[in-house]
Amino acid sequence: KDQDKTIILVSHHLANITAHSKTVVWLDQGAVRMIGEPETVVNAYLEHVTAGMTAADPETGPVPEGGRLVSILDVTTRDAQETPRTAFDRGDAVLVDITYSAAAPVPGAVFGVSLQDVHGYPLGGIVTDPDSIKITTPVDRAVLRLTLDPLLFNRGTYTLSVHAQDPRVKKYYDLRRRAARIVVDG
């Protein structure tokens, strides 16, 4: 970047693009969509690719009453002060609140959160220990909190998929793809 040499870097890795470029060309289906400063072009790209993205996934719509033993009702992301947020900086703590219901006792249920990049590539996640969650009676509404601390993702937009699973038979009670979205700014 400081040697005034021309290098063509083709990448979807936004951190590399902003760190190593003075000028960025955004190609969209073979056509030049934008040319400019790295921050400006990357911001426009992120706006474009996330414009139609919602937290809901049409593949996992609402579940009829009594349809599942465990149902995931809602997923909310919060900062360390417990304020609902979707924008974070690298290194922040992200609290993931999973609101669920259970139609009957479910000993040993496992809850998990997996993270994907804006293109849907899996990046990792967290799960509960089968011995840590004890659903001993039917529950209309309860909240489980999982924590990502520190958040170690580069600048970009990420989706969170959430599941509740029976670890003994590896069967999902419920799965919510793209249940929440976070943006990492720094």
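Since the structure is predicted, the reported quantities are computational estimates derived from the model, not experimental observations.
Both Val75 and Ile133 are members of a single hydrophobic cluster when ILVMFWY side chains are connected at heavy-atom separations under 4.5 Å. Under the 4.5 Å side-chain heavy-atom criterion for Ile, Leu, Val, Met, Phe, Trp and Tyr, Val162 and Ile126 are members of the same hydrophobic cluster. By the rule that hydrophobic residues join a cluster once side-chain heavy atoms approach within less than 4.5 Å of another member, Leu152 and Val96 end up as members of separate clusters.
For Gly36 against Val41, the heavy-atom pair with the smallest separation is N-CG2, 3.5 Å. Summarising the geometry of Ala102 relative to Ile135, their closest heavy-atom pair is CB-CG2, 3.7 Å, with the distance given to 0.1 Å. Contact between Pro150 and Gly91 at its shortest, heavy atoms only, is CB-O, 3.6 Å. Here the shortest heavy-atom pairing between Thr76 and Pro84 reads CG2-CB, 4.3 Å. The two residues Ala103 and Arg68 make their nearest non-hydrogen contact at CB-O, 3.9 Å. Closest of all the heavy-atom pairs between Lys22 and Pro38 is O-CD, 3.3 Å.
Partner Tyr158 forms a side chain to side chain contact (heavy atoms under 4.5 Å, CB included) with one of Leu151, Val94, Val184 and no other, that one being Val184.
Within the structure, the ring-ring contact (aromatic ring centres under 6.0 Å, His included) test picks out the following pairs touching residues 166-186 (sequence neighbours left out): His163-Tyr172.
Contact of the Ser161 side chain with the Arg176 side chain is not registered, since no non-hydrogen atoms from C-beta on lie closer than 4.5 Å. Here the side chains of Leu175 and Arg177 are in contact, with some heavy-atom distance below 4.5 Å. Thr159 has its side chain out of reach of Leu115: every pair of non-hydrogen atoms, C-beta onward, lies at least 4.5 Å apart. By the 4.5 Å heavy-atom criterion applied to side chains, Pro105 and Thr136 are not counted as neighbours.
No side-chain donor-acceptor contact under 3.5 Å links Arg85 to the backbone of Arg78. Proximity of a side-chain donor or acceptor of Thr128 to a complementary backbone N or O of Phe111 within less than 3.5 Å is detected. In terms of modelled atom types and a separation under 3.5 Å, the side chain of Asp174 and the main chain of Ala164 share no donor-acceptor contact.
Interatomic distance, Met34 CE to Trp26 CH2, rounded to the nearest 0.5 Å: 7.5 Å. Of the inter-residue distances, the one linking Leu69 atom CG with Ser101 atom OG reads 9.5 Å to the nearest 0.5 angstrom.
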Show your reasoning for whether side-chain contact (heavy atoms from CB on, under 4.5 Å) applies to Arg181 and Thr86. CA-CA 7 Å; Arg181 177 179 64 170; Thr86 58; 6.0 Å; no
Run Ile72 and Ile98 through side-chain contact (heavy atoms from CB on, under 4.5 Å) and show every step you take. CA-CA 7 Å; Ile72 297 168; Ile98 303 168; 4.0 Å; yes
Given side-chain contact (heavy atoms from CB on, under 4.5 Å), test Leu27 with Val32 step by step and report yes or no. CA-CA 5 Å; Leu27 298 175; Val32 174; 3.8 Å; yes
Where do Ile182 and Thr157 land on the side-chain contact (heavy atoms from CB on, under 4.5 Å) test, with the steps shown first? CA-CA 6 Å; Ile182 62 171; Thr157 301; over 6 Å; no
In a table with atom names and distances, give each donor-acceptor pair under 3.5 Å that connects a side chain of residues 138-149 to protein atoms at least two apart or in another chain.
| from | atom 1 | to | atom 2 | distance (Å) |
| --- | --- | --- | --- | --- |
| Arg145 | NE | Asp97 | OD1 | 2.7 |
| Arg145 | NH1 | Glu82 | OE2 | 3.1 |
| Arg145 | NH2 | Asp97 | OD1 | 3.3 |
| Arg145 | NH2 | Asp97 | OD2 | 3.0 |

